[in-house]
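Data block below; observations after.
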Amino acid sequence: RWRGSRCCTTTSGAGKLCGSAASTWVRALKPPAEAASATISNEGKGQPYAKNGPDGASGGRVSPYRLRAGVPRRRWLQDRCRILAGMKICVLGLGYVGAVSAGCLAKDGHEVIGVDPERTKVDLINAGKTPIIEKDIGEIIHEQVAAGRLRATTEVGDAVRHTDVAFVCVGTPSQPNGGIDLTYIKRVCQQIGETIATHPVAPVTVMRSTMLPGTMRDVVIPILEKFSGKKAGEEFGLCINPEFLRESTAVHDYYHPPKTVIGEVNRPSGDRLAAIYAKTPGPMIRTDLHPAEMVKYPDNCWHGLKVGFAN
């Protein structure tokens, strides 16, 4: 079933993918020699990856998660298998971007929980109906709800607590002075922080909302760390993954993006997010948080320039 799938990163460069047959994945699930005991050893602590890959040779295949000291062997194997079996994902905000992302992620085989404070949107999703008007998304949501891979709730804590990755797709509306309103960003970051404060294995939080450069450093990370009591990049993962969806072609754009940009606070966070997009065509760009925040704005300026000249 997984023969020839493209599911893992290589050491030769960020974002490059290697095709691997099912037999290779069986070998990849074998823990390294230093993990033969009950827990993975402390060697390589503080490095993006363990010294040796799962094949045992330095420079070989690397784990999509850092081999952290004290991580039980069983949980390490479960994390590896999750890439093959699909992840548990929550999408916070069921507006235009959130509804399309939730439906398409469920179609890809993941178990998805949509979260929104508006009961109307939640009821529509649970009834197999779309809360937005967009080509093909209505059929996708109907099929995925019927298949049991998609549901919605108003409870942020319950959704975040049972997921591997939390996508934040809340709105950032414009203010009269031209700035953006971060009210919803701040609120959802507080709710996520309060939840992962008692979460033994915190999910990777992925920001999909459009934000000005510096917002992750000055707003998102401080709020998450304040309410969780944990350190970003050490005790919980964090990425920014800007969307490039156009109205009327959003589903097509989701599956055929011009590029996939991942801004990561550390390598393991980006690896987990990259696994979700393993089969997505187009270049994958993995970088720091700041450039990933910035990239959406030059794109929007370019599109605006084209519209202006066309008119």
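If you read the sequence from its start, that first residue is 1, and numbering goes on from there. Worth saying up front: this structure is predicted, and the values here are computed from it rather than measured.
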Heavy-atom pair with the smallest gap, counting every atom of [X] and [Y]:
X: A99; Y: I137; value: O-CD1, 3.9 Å
X: A274; Y: M284; value: CB-SD, 3.8 Å
X: A292; Y: V261; value: CB-CG1, 3.9 Å

Indicate yes or no for a side-chain donor-acceptor contact from [X] to the backbone of [Y] under 3.5 Å, with no hydrogens or angles considered.
X: S209; Y: V170; answer: yes
X: H256; Y: H252; answer: yes
X: Y184; Y: P173; answer: no
X: D181; Y: Q175; answer: no
X: E134; Y: V100; answer: no
X: D116; Y: E118; answer: yes
X: K230; Y: I196; answer: yes
X: Q190; Y: I223; answer: no
X: E225; Y: A232; answer: yes
X: D164; Y: M87; answer: no

Exercise for the section: Run through R208, E264, M207 and flag the one making a side-chain contact (heavy atoms from CB on, under 4.5 Å) with N241. Expected result: R208
Does [X] [atom1] have over 12 foreign heavy atoms under 6.0 Å away?
X: K259; atom1: NZ; result: yes
X: E235; atom1: CD; result: yes
X: I133; atom1: CD1; result: no
X: E243; atom1: CD; result: yes
X: Y96; atom1: OH; result: yes

Out of curiosity, [X] [atom1] to [Y] [atom2], how far, rounded to the nearest 0.5 Å?
X: C189; Y: L92; atom1: SG; atom2: CG; result: 9.5 Å
X: D123; Y: K129; atom1: CG; atom2: NZ; result: 10.5 Å
X: I262; Y: L289; atom1: CD1; atom2: CG; result: 12.0 Å
X: E139; Y: H142; atom1: CD; atom2: NE2; result: 9.5 Å
X: L182; Y: R187; atom1: CG; atom2: CZ; result: 12.5 Å
X: Y255; Y: D136; atom1: OH; atom2: CG; result: 10.0 Å

Do [X] and [Y] come within less than 4.5 Å of each other through their side chains, counting heavy atoms only?
X: L238; Y: T205; result: yes
X: K296; Y: M211; result: no
X: L273; Y: V204; result: no
X: H110; Y: I276; result: yes
X: T120; Y: P131; result: no

